[in-house]
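Whatever order the structure lists ligands and atoms in, that order sets their numbers, starting from 1.
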Amino acid sequence: MCIRRLLHPSSLHWAWRTTVLKGTWRRQQGTHCWKRSGGSTYRAVIFDMGGVLIPSPGTVAAGWEVQNHIPSGTILKALTKDGENGPWMRFMRGEMTTEGFLEEFERLCSEIAKTSVPVDSFFSLLTSEQVAKQFPVMTQAISQIRAKGLQTAVLSNNFCLSNGKSFLPLDRKQFDVVVESCLEGVCKPDPGIYQLCLERLGLQPSESIFLDDLGSNLKAAASLGIHTIKQVEDPETAVKELESLLGFPLHVGVPNTHPVRKSMEIPKDALEKYLKDLLGTGATGPLELLQFDHGQSNPTYFIRLADHQLVLRKKPPGALLPSAHAIEREFSIIGTPFYLMEYCPGIIYKDPSLPGLEPSWRQAVYTAMNQVLCKIHSVDLQAVGLDNYGKQGDYFPRQVRTWTKQYRAAETSTIPAMERLIQWLPLHLPQQQRTTVVHGDFRLDNLLFHPEKAEVLAVLDWELSTLGDPFADVAYSCLAHYLPSSFPMLRGFRDQDVTKLGIPTAEEYFRMYCLNMGIPPIENWNFYMAFSFFRVAAILQGVYKRSLTGQASSAMAKESGKLTWFMSDLAWDFAVKEGFHVFKEMPATKPLIRSLHTRAGPQSFLNPTGVRSYSSAAEASYEAKGGLIISPEGLSPRVRELYDRLRHFMEQHVYPVEPELQRHQTSVERWSPSPLIEDLKDLQLRTWCCLQQAGLPYLATHCRKEDCSGPVLICHTEFLGEESPSATTGHVPGRFIATTVLVLILEKAKAEGLWNLFLPLETDPEKKYGAGLTNLEYAHLCEVMGMSLYASEVFNCSAPDTGNMELLVRYGTEEQKACWLVPLLEGKIRSCFAMTEPQVASSDASNIEASITEEGGSYVLNGHKWWISGILDPRCKLCVFMGKTDPQGPRHRQQSILLVPMDTPGIKVIRPLTVYGLDDAPGGHGEVRFEHVHVPKENIVLGPGHGFEIAQGRLGPGRIHHCMRLIGYSERALALMKTRVKSRVAFGKPLVEHGTILADIAQSRVDIDQARLLVLKAAHLMDVAGNKAAALEIAMIKMVAPSMAYRVIDRAIQAFGAAGLSSDYPLAHFFAWARALRFADGPDEVHQQTVAKIELKTPARLQESAAPRL
Ligand SMILES: Cc1cc2nc3c(=O)[nH]c(=O)nc-3n(C[C@H](O)[C@H](O)[C@H](O)COP(=O)(O)OP(=O)(O)OC[C@H]3O[C@@H](n4cnc5c(N)ncnc54)[C@H](O)[C@@H]3O)c2cc1C
């Protein structure tokens, strides 16, 4: 037999021993009393409430004070102030209303703390369901006491709530007698209240045991002759003491078990016989068999035989999926393979948010978890003979293959996110740094904790263990951080404030791990998270498939089908983030991995056969070729067609109206949007709608109809105009329909649909919001838009809206998307991004000082910003605001981003700023003050502390869009210059025949083509390797493009003569923008710094020995 002791510290045997009790005890049948031989008899146990059955006010106060920065001990001092005449005791005796008490108590606390103390918040916490919960060990003890025929009572100093009801968050049915001070008008330690309780119990003092956490209350009870137990630290210890006084066990059976489910029964007789043979003569008596609540895939049983306590783990019955239940490795004896372990009693924290524990305890639990993982990963494989436990190296490639295979074997329908992940993961495999034992299912509820210390006693569930990349375990242990608390199978806490709970954030957990292991911080942990969620999704799909054949051991199994979708979406979110985050400062610890061979595997962009396919989008599926497309001719037919249509549209509609737009921009009405632009946008929007209707991507949002959970198509009927008077919004629950009128006008509109082209396929793989172009494809189109300063807005592709829309797509909640993204995508509103501040060097975003503080249910913003593009536009309804929520936090976790409606009181635009005298109306660039601007808490994006990360991600794609447009500005300038120099004559010959002009034209062509190649390379790298891997190229092009454009435009202006500086031509305006873009989205020097840093970390291309010697 294989009995495996997983962890065996001596402390393991702390366990309560039902057989080893002090003294000899016997049950006096019929009299319902328990008597120690030669001693007294007990007939009742009386419990205090706060501090015995539920957490004490003092304990709750201690945690609350830390969280709220209130001097420690303030509440406790106020509770005891003035003894029985103090507000607390008067409140307990029901002499004060809640409001009266809170008022007086707040005054008292504030006096003690010498600062304002929000007592209301403490009181809400104290009385909240989350905190005022009976300790399970006490519930078990009470039921055992009553089962033995003894009475139970609760004797509580409690109070009345504002609804008039007394505060007693207990099931009253557990007690024969309930005595509440606030109803009796008398409090402990007044002897009267004990006597009242005894009277109601009908007992003498010596017949009862009283548990309380306060010495004075116990003293009073003892002086009456009642036996007392002081509950000092935790309820477990008090229950043990009570157990020894009463003489019978108070723990109910084995925690976390239930009777064996019918479908999971095992042949008990055969097992009993086998165990008796195995364990020898001592193993007599009936075999007790229970099933653990744990163990979805391999059912797990508790066995008690005589004084042996064992755990048996076996395969589920029925036909199994390939290698999901590798128990054969262990042992097979009773028909079904199984293995046995010694039972190790301890606590399993099933809820990873650790309710009822103090923040410091939670922190300690997660630290212990992290440490034990480091221990597992530090095992010397050779020394313990585990070097053949699994294959060495290539862990992730194998895992991705294995779980893809498992998923395929269990697949019941096509899940788009899974399809994308199956494509994406092999292309983003990290290089494996270390090979260690990998647990494979390392999460909090697979750890057995010491009940009194934050110490891991055993690690459970090793069936997925092997040798591999340890980061897989680290990421897997952070799943709960991203799952909601309502998630049925793997509970999480993403909807709770981890900092308040005391739980390290996922990033902190990763850092803690790296620190404990003495290794540099992990850079690409989004990959590991994406893989972890992918794997769970594959596992859940397996559970679901088995539930269909009746094999899964959990009643929840059938639910798991839906959960697979949820998990795979989460996984894809991380995949998207991995590609999205572009950090301007590369950490010094790790050189950027730019080995495209490694990252992209055999399908790298260097390999012409490499194909990235987002095949989930049914008929709209499009395969982006792996090759770098350097000219529009290489674009796929669909994109080429878009490109041609865009050029055509520019020629037909945009260039001809430029003079009029230019006039408008310098006229007195310039602060109102030009009607012309609005007309052009309408035209685009109409065609876009029609394209969507035609089976091209839909803009979808969740249906707002109460009776429908499906998505609803948003048709922009108000934009359809006279031609389609009967057009209505199509609505069928759960799917899209197209209205007849729209379909009829489709063919006409198909030739135009040029709207929201900017959203990269990577961000919007379902093409829910945009046209589904890759960055590379968009680069070609964006260059065309750059030929006119007005064009990008016409196609709803202008900054800062594009960055803000991308931010909302990636990080926004469904509500935020519905509120802001939809109108932005529709072009109905505009937005701005407020980061830069006059008083600090904002090139370094960590310098910003604007504050975001919490006040009641809202955030309050205060700050001074400038250069906020677009804020003056009357259509600007949203300000994406960056400020600091935690100025003391780690440098890049201090900032948060909030969505601020522009009509919120307190936003004061001081003045428009100008660029070389141009004010860029109607959007402008505003200097603004935010004074006590109140914003609802739900307007935060991604939660507190994520501002820096989001801002960096937001600017990454935005930067390259500017560069794409700058190529367009330059091409236009060169085109204008060529025309001009051919038509003007100076000194007897056309300008074009002068050598300097020729040189300028040649130089401009070279400059533009060089820069374009770099733009395209950066865009392509973003597509094939992710934004992060393209950080160097993005920084390089942002460094190169503005000054290149500025030089090319300057040459064109020079060739134009003075006219070049006038507003008769777009050159001066182009020039001003190119110059401004040497600052906007970060000045050149910051990008130079990034390039240099990365270059210095990149291994030399030249062998040192081959370098010339000086
Ligand atoms: C037209 C325009 C539109 C803009 N729109 C917006 C907007 O919508 N929202 C917004 O928040 N901001 C906007 N900005 C502001 C822009 O992002 C900032 O101007 C830019 O980040 C620089 O910050 P700063 O002006 O505070 O310069 P500083 O941080 O004060 O820097 C000044 C100079 O210091 C030098 N410097 C800085 N860092 C380094 C370094 N690491 N190495 C060497 N030298 C260095 C550079 O020469 C730099 O130009 C806009 C700016 C312009 C010109």
Report task. Indicate the ring-plane relationship of F758 and Y778, choosing parallel, tilted or perpendicular according to the 30° and 60° boundaries. Result -> perpendicular

query = Any idea how F574 and W525 line up, ring-wise: parallel (<30°), tilted (30 to 60°), or perpendicular (>60°)?
reply = tilted

For V840, the ligand 1 atoms with a heavy-atom partner under 4.0 Å come out as 26 (O)

Atoms of ligand 1 under 4.0 Å from any heavy atom of F833, numbered from 1 in the order shown, are 7 (C), 8 (O), 9 (N), 10 (C), 11 (O)

Part of [X] within contact of ligand 1 (heavy atoms, under 4.0 Å):
X: D1081; result: backbone
X: P1083; result: side chain
X: Q1089; result: side chain
X: D1084; result: neither

For ligand 1, is there an N or O atom under 3.5 Å from any N or O atom of [X]?
X: M835; answer: yes
X: H925; answer: no
X: E837; answer: no

Check whether the side chains of [X] and [Y] place a donor and an acceptor atom closer than 3.5 Å, and report yes or no.
X: T914; Y: D919; answer: no
X: S798; Y: R830; answer: yes
X: Q1088; Y: D1084; answer: no
X: E938; Y: T813; answer: no

* To do: Look at E971 together with R647 and state whether they make a salt bridge at an N to O cut-off of under 4.0 Å.
  => no

- Message: Using heavy atoms and a 4.0 Å limit, tell me yes or no: is D844 in contact with ligand 1?
- Response: no

If you scan the protein for heavy atoms around atom 29 (O) of ligand 1, do you find one that is closer than 4.0 Å? yes

